[in-house]
2 protein chains.
Amino acid sequence: MEKVHVSLKDLAKELKISISSVSRALKNHPDISPELAQKVQELARQKNYKPNPYAIRLLKHESKTIGIVIPDIVTYFYASVISGIESYTKEKGYSIVISSSQESYQKEQNIIENLLNLRVDGLIVCLSQETADYKHFDKILEDNTPLVFFDRVCRTSEISSVVADNFEAARNVTRHFYENGCTRIAFINGPNHLNISKERLAGYIEGLKDCGLKISNDLLASCNMTPEGAKVATQKLLALKVKPDAILSINDTVAFSAMKEVKRRGYKIPDDIAFVGFTDEFHASIVDPELTSVMHPTFEMGQEAARLLINQLESKTPGTPRQVVMKTTLVVRDSSIKKQKK
Amino acid sequence: MEKVHVSLKDLAKELKISISSVSRALKNHPDISPELAQKVQELARQKNYKPNPYAIRLLKHESKTIGIVIPDIVTYFYASVISGIESYTKEKGYSIVISSSQESYQKEQNIIENLLNLRVDGLIVCLSQETADYKHFDKILEDNTPLVFFDRVCRTSEISSVVADNFEAARNVTRHFYENGCTRIAFINGPNHLNISKERLAGYIEGLKDCGLKISNDLLASCNMTPEGAKVATQKLLALKVKPDAILSINDTVAFSAMKEVKRRGYKIPDDIAFVGFTDEFHASIVDPELTSVMHPTFEMGQEAARLLINQLESKTPGTPRQVVMKTTLVVRDSSIKKQKK
DNA sequence: AAGCTTTTCGCAAACCTTTGCGGAAAAACA
DNA sequence: TGTTTTTCCGCAAAGGTTTGCGAAAAGCTT
């Protein structure tokens, strides 16, 4: 049951040469004669020699590993971003270690501490929903461990990040609603302290202004972005004397849940209430009616975050933090196009 | 920009004692006087000493890391299983390194080789769709690296695995259809060489026999489990002279896509065609009508796979391979209950 | 043939930790 | 006081790799 790996020493002993010669021979160092190099490489292949990465990491002080902290791995958005991260890091020869905070501030802190103790070369983080203070990132900065945020971000003046064009996207959606005959446009938002909530809210408001629509607190609801929370928020909106004729949702999952509740109450989508979501996950085109959604380039966001991080940790100089804003596009489907405009 | 971590040597120098004493003091070894231990621990805390995991791994020949190989991380089922693996391994002090094969045999091989070179302590694998020969697992076995399969498995007589009760589940679904008035029950299956396909097909056939229904090749379609593949398979079924009145799908994603196509053609679900899927992902209750599905205990499957693996690698003896079969339950929703039985 | 350059390889330190063993000093005992 | 035990700590090896430097051997020049 014992794993037994051959080491440089084993090869050296067998060939009756020194360890350093074996090491050099394997990488075609000019100090080694071609004949010896040949012989060493032959034996190495035959005995299936693979360098022990832990010895190298110990020596080089780098792990070729990056840590990823996300709120939840089962959510389409995060899984897809991870997929992009994985694609870029694999290409660059890095491994990824993934931990999920389950939206818990406490767990987020623990995870980060663990990852730091693991000596990852860098971190890519999406804040948990509970996270409202950001002191625990001081440790990372003091450690000189490169860090990149995506989607839910903070301290952007010090730390690089990748986000969507939330403001513009929300503003566009609001106009899109208006152009399709909606005048009472509601917004089911996420927790107020998150940047995505703030930015999308600001865009929503700006869009209302653009269209000359009144801003009404009645039409604003927030939720914790769970299906249950979305349902409650929807019920609040449906309880209004004058009901909304459109609902913008902070993400697709919330939209799905809200749509379900709206249909259950007997309203028609989109004629009674139009819908638009954020993310554009696969299921947006599966639900009935198909959901209009702000398409996020999730895979590319992951790649970009990884690129930012690896650039940072391969250039010795600290470099100024960068804020990458990814362009989204509105994918228009049935849920937002009223057949009978008022 | 240089990361600087304090080592035992640093502490030793500062306290003018030997490295070994520092090491022992930190773990309250009886050879160290309480006063000295106190002093050392004090300094360690103050200077934020954290042991270098790579030095320990080098010494101990274990990495406290397990590798996970899955076809695709963006799929609900896999993400959810990973979530279960993560929960168990975190509890046991292991990290996980995730790689996805993207359903490619070639990539699967590369990944496994990489993970082995990384010296992970063990592997948890779900076969890619392309994988039809299993020689590349010899390397793992020769390496004495513990290995556990889940869902899509092979070589079960030599290698432990965690699977759902596919045969029973499919058989039950078939009966469920029959009890709800369906007599022409179709099955959109996955690739024929996969165990999940074979087992579910066998259960489906057995169920037909139970109900005294004829087995017809016309009612069998297979696909590559993508939405597009599912669409094509559905079209084949809808092209029959006598159409099916029920469709069992190899998973929910396939069911969603098939439902979409069926609705697009103007058929009513469930009255014209009833539906049941496998997995029971979140969206099963979001689509319209809500999808009846075989609920897999995904999270628990992940936990179980992790438990199997860690047991195996913590007990020095090889132990006999175990096959864990997880019980599923049929979650009945609207898609399979016809309002008007024939 | 003597001196010089080039080629080819080995020694040893370094990265950080754990641990068996030995040794000195202190304490306990006779 | 002399001897034995106990307490407390350090030495050194081990794990596998990389790399600066020194040294031997071979080749070359004149």
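Letters go in sequence order (proteins before strands), and every chain restarts at 1. Just so you know, these numbers use all the heavy atoms, side chains as well, and skip hydrogens, waters and symmetry mates.
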Next on the checklist: Looking at dT19(D), I'd like to know if its phosphate oxygens (OP1 or OP2) sit under 4.0 Å from a side-chain N or O belonging to K27(A).
Outcome noted: no
Checklist outcome for this item: In whole angstroms, the gap separating C1' of dT8(C) from CG of L15(A) amounts to 16 Å
Next on the checklist: Please classify the nucleic acid contact of S23(B) as base, sugar-phosphate, or nothing, using heavy-atom distances under 4.0 Å.
Outcome noted: base
Item to check | Separation of atom CD1 in I32(A) from atom P in dT18(D), rounded to whole Å | outcome: 13 Å
Checklist entry - Looking across every strand, which nucleic acid part, if any, lies under 4.0 Å from L58(B) by heavy atom: base, sugar-phosphate, or nothing? => result base
Next on the checklist: Tell me if a side-chain donor or acceptor on Y54(B) pairs with a main-chain N or O of I56(A) at a distance below 3.5 Å.
Outcome noted: no
Item to check | Between dA14(C) (P) and D10(B) (CG): distance, integer Å | outcome: 14 Å
Checklist entry - Counting only distance, no hydrogens or angles, is the base of dG15(D) paired donor-acceptor with the side chain of R57(A) under 3.5 Å? => result no
Next on the checklist: Whole angstroms only, please: what is the CG-C1' distance between L11(B) and dT17(C)?
Outcome noted: 12 Å
Next on the checklist: Of the listed nucleotides (dT17(D), dT19(C), dC16(C)), which one gets closest to any side-chain atom of K60(B)?
Outcome noted: dT19(C)
Checklist entry - Hey, does the side chain of K9(B) come within less than 4.0 Å of dC15(C)'s phosphate (OP1/OP2), counting only N and O? => result yes
Checklist entry - Atom NZ of K50(A) and atom P of dT17(D): how far apart are they, to the nearest Å? => result 12 Å
Checklist entry - Can you tell if the side chain of E142(A) reaches within under 4.5 Å of the side chain of D138(A), non-hydrogen atoms only? => result yes
Checklist entry - Distance only, no hydrogens: is a donor on one side chain within 3.5 Å (strictly under) of an acceptor on the other, for D133(B) and Y105(B)? => result yes
Next on the checklist: Keeping D151(B) on the side-chain end and V163(B) on the backbone end, is there a donor-acceptor pair under 3.5 Å?
Outcome noted: no
Checklist outcome for this item: Ranking dT17(C), dG10(D), dG10(C) by distance to the side chain of R24(B), first place goes to dG10(D)
Checklist entry - Touch check for I56(A), heavy atoms < 4.0 angstrom, all strands: base, sugar-phosphate only, or nothing? => result sugar-phosphate
Checklist entry - According to a strict under-4.0 Å criterion, is H29(A) in side-chain N/O contact with OP1 or OP2 of dT18(D)? => result no
Next on the checklist: Heavy atoms from C-beta onward define the side chain here; which of dT18(C), dG16(D), dC9(C) lies closest to that of L8(B)?
Outcome noted: dT18(C)
Item to check | Donor-acceptor pair (no angle test) under 3.5 Å: S20(A) side chain, dC11(C) base | outcome: yes
Next on the checklist: Could you tell me if the side chain of F149(B) sits less than 4.5 Å from the side chain of S160(B), heavy atoms only?
Outcome noted: no
Next on the checklist: Rounded to whole Å, how long is the line connecting atom NE2 of H5(A) with atom P of dG15(D)?
Outcome noted: 15 Å
Next on the checklist: Does a side-chain N or O of S21(A) approach OP1 or OP2 of dC9(C) to a distance below 4.0 Å, or not?
Outcome noted: no
Next on the checklist: Using side-chain heavy atoms (C-beta onward) and a distance below 4.5 Å, is I32(B) in contact with S21(B)?
Outcome noted: yes
Next on the checklist: Check this one for me: any side-chain N or O of Y54(B) less than 4.0 Å away from OP1 or OP2 of dT18(C)?
Outcome noted: no
Next on the checklist: What is the separation between atom CD1 on I19(B) and atom C1' on dA13(D), rounded to the nearest whole Å?
Outcome noted: 13 Å
Checklist entry - In whole angstroms, how far is the P atom of dG10(D) from the CG atom of L36(B)? => result 8 Å
Item to check | Position toward the 5' end of DNA chain D (nearest nucleotide), S7(A) or I17(B) | outcome: I17(B)
Checklist outcome for this item: Judged by nearest nucleotide, the residue sitting upstream toward the 5' end of DNA chain C, S33(A) or D31(B), is S33(A)
